[in-house]
Participant: 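Got a structure for you, written out below as structure tokens; questions coming shortly.
Heavy-atom basis, side chains included; hydrogens, waters and symmetry copies ignored. Please read all numbers here as calculations on a predicted model, not as lab measurements. The chains referred to below are lettered A, B, ... by the order of the sequence lines, with proteins before strands, and numbering in each begins at 1.
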Amino acid sequence: MLLARLARVSQEVAATSARSRKTALLAELFRDADADDVPIVIPYLAGRLPQGRLGIGWKLLSGPVPAAIEPSLTVRDVDARLTEVGAVTGAGSQAERRRLMDELRAAATEDEQRFLSGLLTGEVRQGALDAVAVEGLAEATGAPAADVRRAVMLAGSLQTVAQALLADGPGALDDFRLTVGRPVLPMLAHSATSVSEAVEKLGACAVEEKLDGIRVQLHRDGDDVRIYTRTLDDITDRLPELTSVAMELKGTRFILDGEVIALDEDGRPRSFQETAGRVGSRVDVATAARSVPVSPVFFDALSVDGRDLLDLPFAERHAELARLVPEPMRVRRALAHGPEDIPPARRFLAETLERGHEGVVVKALDAPYSAGRRGASWLKVKPVHTLDLVVLAAEWGHGRRTGKLSNLHLGARAADGSFAMLGKTFKGMTDAMLAWQTERLQELAVEDSGHVVTVRPELVVEIAYDGLQKSTRYPAGVTLRFARVVRYREDKTPAEADTVETLLAAHPEVAP
DNA sequence: TTCCGACAGTGGGGTCGCAAT
DNA sequence: ATTGCGACCCCACTATCGGAA
């Protein structure tokens, strides 16, 4: 298949907002694709590369290269050339990669160049990722969409399912079963604002500690242990202590779902930054493991002794987990049978926070494991802090926010009367707020670099955030975690905004 | 007709690894 | 040694489509 065809379809998909039309366009494309094209076409459409990380970013794509007039590149050509670029390492590699990329871009037409840049910098934005592609694939092959979706969850990737489907037809879906050693997309949680809201919604449920660590899926098949992240990357080599744990558990064939977290001597959680740094270290793992050991905490069992547990109710899966994993390695939990158990569930949340954890996840006891979905049967509850901060600047938005001032620079009052920047946020804004702030901030503008509009610090905005973390980037030495806009406070003056001092006092554990 | 679940988009900060400076 | 880039951890929230109620 020609890259030009892919680029054109991608543009057409982006141009329509109707999901049914997107699905139809993709179905048509899949019908025309060779089975060999599919492992490339599918990830390209979702803005991914089959090779995973290639080390090609905006820097390598900068500068104009004359475009070809006639399309000649096939998707397989492009894939092979990108593999070649990714394989270049060592001294002088930057220049060689540059040369190869310029060569590739010169072989592409203008439309193809645009698609390639989008692909390599993560800006495909056509309003169709894997979920829409699943629908398109079902339409193209006549397989039921639900069956395709399930096969994708179990295979952990759409492209392998697509390839099998297009080569062998709907019957190929039967080959995708839960397999120990092959990662499954993990189930995710929605948010709830309170424990009572979550319990009322779910009925009989477990209230479990939410640990601020790294999600892991642990597979053991005899002597073979594999560990995967939320995005199904294999991190087995980075967590030797988890492999030891897997070998000591009672069963010999299982898939468990859990979290790893670094704890201090008292069993209190270390900061997320420490856990993430540890899990991210892959060069000298032994040293990293000595200075920041991590502990696993499991909360679900997907497969035990060759039995697929995904469709069992959570209560039964947890019983299997309890058979395999001793108490200290299972997440702490409390059971709630209905609204009458809301008070003890609230106490459990309070105790969890007291122990230094993030919050709780409330899980319906009768729900199956919805792999790869943000199931409504898991609800997380975390405390929210708010602050009144001053807008110092704003950045021009991209994509659907083009022409709108989007990303706000936030400041708190410092001791000397100036404002100390604490971070940025683009979250929580409605379209109406975006329109309003674009107008208002331009009235307050003192400078526009084309990217950042600096304003007089006069506008107060209420910001919600999850906590404070250390920062080397911002002057106060701290930054807000997951900051989002709640509302503008036109009733407040900058002199009434919160101060750095009170913020640090509220979070003594991270104060510099 | 209204409601609601699922999805995509919009990017945030931090840390690590690697190559270049 | 330091800096810049890319990858990948964590993540909240809104808008929209289209099926369910």
Participant: Within the pair A/T430 and C/dT14, is there a side-chain N or O less than 4.0 Å away from OP1 or OP2?
Facilitator: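 A/T430 to C/dT14 OP1/OP2: no side-chain N or O under 4.0 Å.
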
Participant: Taking atom NE2 of A/H398 as the centre, report whether more than 12 heavy atoms of other residues, nucleotides or ligands fall under 6.0 Å from it.
Facilitator: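 Result for NE2/A/H398: open.
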
Participant: Closest to the A/L129 side chain: B/dA20, B/dA8, C/dC10?
Facilitator: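 Shortest atom-to-atom distance from the side chain points to B/dA8.
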
Participant: Output yes when A/D111 and A/R114 qualify as a salt bridge under the 4.0 Å nitrogen-oxygen rule, no when they do not.
Facilitator: yes

Participant: Give a yes or no on whether A/E439 atom CD has more than 12 heavy-atom contacts from other residues, nucleotides or ligands under 6.0 Å away.
Facilitator: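 No, not enclosed.
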
Participant: Check every strand shown and say whether A/K424 touches a base, only sugar-phosphate, or nothing at a heavy-atom separation below 4.0 Å.
Facilitator: sugar-phosphate

Participant: A/K59 side chain N/O closer than 4.0 Å to the phosphate oxygens (OP1, OP2) of B/dA20?
Facilitator: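 No, outside the criterion.
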
Participant: Rounded to the Å, how far apart are A/H451 NE2 and B/dG11 P?
Facilitator: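 Value for this atom pair: 10 Å.
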
Participant: N/O contacts under 3.5 Å, protein versus nucleotides 14-18 of chain B?
Facilitator:
unit_1: B/dG14; atom_1: OP1; unit_2: A/K470; atom_2: O; d: 3.2
unit_1: B/dG14; atom_1: OP1; unit_2: A/S471; atom_2: OG; d: 2.7
unit_1: B/dG14; atom_1: OP2; unit_2: A/R473; atom_2: NE; d: 3.2
unit_1: B/dG14; atom_1: O3'; unit_2: A/Q273; atom_2: NE2; d: 3.0
unit_1: B/dC16; atom_1: O3'; unit_2: A/G280; atom_2: O; d: 3.4
unit_1: B/dG17; atom_1: OP1; unit_2: A/R282; atom_2: N; d: 2.8
unit_1: B/dG17; atom_1: OP1; unit_2: A/V283; atom_2: N; d: 2.9

Participant: Evaluate the criterion salt bridge (Lys or Arg N to Asp or Glu O under 4.0 Å) for residue pair A/D212 and A/R481; output intermediate values, then yes/no.
Facilitator: CA-CA 12 Å; A/D212 197 7; A/R481 191 163 182 213; 2.6 Å; yes

Participant: Given that A/A432 and A/G57 both sit by DNA chain C, which one's nearest nucleotide is further toward the 5' end?
Facilitator: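 Here A/G57 is the residue nearer the 5' end.
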
Participant: Does a salt bridge link A/R484 with A/D466, judged by any charged N lying under 4.0 Å from a carboxylate O?
Facilitator: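 A salt bridge is present here (some side-chain N lies under 4.0 Å from a carboxylate O).
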
Participant: Base, sugar-phosphate, or nothing: which does A/K382 touch, judged by heavy atoms less than 4.0 Å apart?
Facilitator: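 Answer is sugar-phosphate: A/K382 comes under 4.0 Å of backbone atoms only.
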
Participant: Looking for any heavy atom pair under 4.0 Å, which part of the strands does A/E395 touch: base, sugar-phosphate only, or nothing?
Facilitator: sugar-phosphate

Participant: Quick one: which of B/dT10, C/dC5, B/dG9 gets closest to the side chain of A/R401?
Facilitator: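 Nearest nucleotide to the side chain: B/dT10.
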
Participant: OP1 or OP2 of C/dC5 versus the side-chain N and O atoms of A/W58: is any pair under 4.0 Å?
Facilitator: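 Result: no.
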
Participant: Just to be sure I understand the rule, does A/K201 reach a base, reach only the sugar-phosphate, or reach nothing, if contact means heavy atoms closer than 4.0 Å?
Facilitator: nothing

Participant: Need the pair for C/dC13. Rule: Watson-Crick or G-U wobble, both distances under 3.5 Å, any strand; none if unpaired.
Facilitator: B/dG9

Participant: Within the 4.0 Å heavy-atom criterion, would you say A/I56 contacts the bases, only the backbone, or no part of the nucleic acid?
Facilitator: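 Contact class for A/I56: sugar-phosphate only.
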
Participant: Treat primed atoms plus P, OP1 and OP2 as sugar-phosphate and everything else as base, then score nucleotides 16-21 of chain C 5' to 3': B for base contact with protein heavy atoms under 4.0 Å, S for sugar-phosphate contact only, - for none.
Facilitator: -BS---

Participant: Roughly, in whole Å, what's the span from CZ in A/R48 to P in B/dG9?
Facilitator: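 Distance check: A/R48 CZ to B/dG9 P gives 12 Å.
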
Participant: Once you apply a heavy-atom cut-off of 4.0 Å, does A/V485 come out as touching a base, just sugar-phosphate, or nothing?
Facilitator: nothing

Participant: Under 4.0 angstrom, heavy atoms only, what part of the nucleic acid is A/T425 near: base, sugar-phosphate, or nothing?
Facilitator: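 It contacts nothing in the nucleic acid.
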
Participant: For A/E84, is there an ion pair with A/R81 - N to carboxylate O distance below 4.0 angstrom?
Facilitator: no

Participant: Taking C-beta and beyond as the side chain, do A/E103 and A/V65 meet within less than 4.5 Å on heavy atoms?
Facilitator: no

Participant: With a 4.0 Å cut-off, would you call A/K380 and A/E358 a salt bridge?
Facilitator: no

Participant: Rounded to the Å, how far apart are A/H409 NE2 and B/dG12 C1'?
Facilitator: 11 Å

Participant: For atom CD of A/E96, decide whether the heavy atoms of other residues, nucleotides or ligands shown that lie under 6.0 angstrom number more than 12.
Facilitator: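 Yes - once you tally the heavy atoms of other residues, nucleotides and ligands closer than 6.0 Å, there are more than 12.
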
Participant: For A/E274 and A/S271, what are the C-alpha separation, side-chain angles and deciding distance, and is it a side-chain hydrogen bond (donor to acceptor under 3.5 Å, both in side chains)?
Facilitator: CA-CA 5 Å; A/E274 288 175 281; A/S271 72; 3.3 Å; yes

Participant: Just how far, in rounded Å, is P of B/dA6 from CE of A/M153?
Facilitator: 10 Å

Participant: Picking from B/dG11, B/dA8, C/dC9, which would you name as closest to the side chain of A/I214?
Facilitator: C/dC9

Participant: Between atom CG in A/L120 and atom P in C/dC5, what is the gap in whole Å?
Facilitator: 17 Å

Participant: Which nucleotide in the set B/dG12, B/dC7, C/dG6 lies at the smallest distance from any side-chain heavy atom of A/V132?
Facilitator: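 The closest nucleotide is B/dC7.
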
Participant: What is the distance, to the nearest angstrom, from the CZ atom on A/R230 to the P atom on C/dC10?
Facilitator: 6 Å

Participant: With a cut-off of 3.5 Å and sequence neighbours excluded, list every side-chain donor-acceptor pair involving residues 419-430 of chain A.
Facilitator:
unit_1: A/K424; atom_1: NZ; unit_2: A/E395; atom_2: OE2; d: 2.8
unit_1: A/T425; atom_1: OG1; unit_2: A/K427; atom_2: N; d: 3.1
unit_1: A/T425; atom_1: OG1; unit_2: A/A483; atom_2: O; d: 2.7
unit_1: A/T430; atom_1: OG1; unit_2: A/M433; atom_2: N; d: 3.1

Participant: Please state whether the rings of A/W378 and A/Y369 are parallel, tilted or perpendicular, taking 30° and 60° as the class boundaries.
Facilitator: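 Plane angle over 60°, so perpendicular.
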
Participant: May I have the distance from A/E135 (atom CD) to B/dA8 (atom C1'), rounded to whole angstrom?
Facilitator: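 Value for this atom pair: 14 Å.
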
Participant: May I have the distance from A/W378 (atom CH2) to B/dG5 (atom C1'), rounded to whole angstrom?
Facilitator: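 In whole Å, B/dG5 C1' lies 18 Å from A/W378 CH2.
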
Participant: Respond yes when some side-chain nitrogen or oxygen of A/N407 is under 4.0 Å from OP1 or OP2 of B/dG12, and no when none is.
Facilitator: yes

Participant: Is A/R484 near enough to C/dC13 that one of its side-chain N or O atoms lies under 4.0 angstrom from OP1 or OP2?
Facilitator: yes

Participant: Specify the residue among A/Q94 and A/T231 whose closest nucleotide of DNA chain C lies further upstream toward the 5′ end.
Facilitator: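 Nearest-nucleotide comparison on DNA chain C picks A/Q94.
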
Participant: Quick check: on DNA chain B, is the nucleotide nearest A/S93 upstream (toward 5') of the one nearest A/H398, or the reverse? Name the residue that is more 5'.
Facilitator: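 Going by which nucleotide is closer to the 5' end, it is A/H398.
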
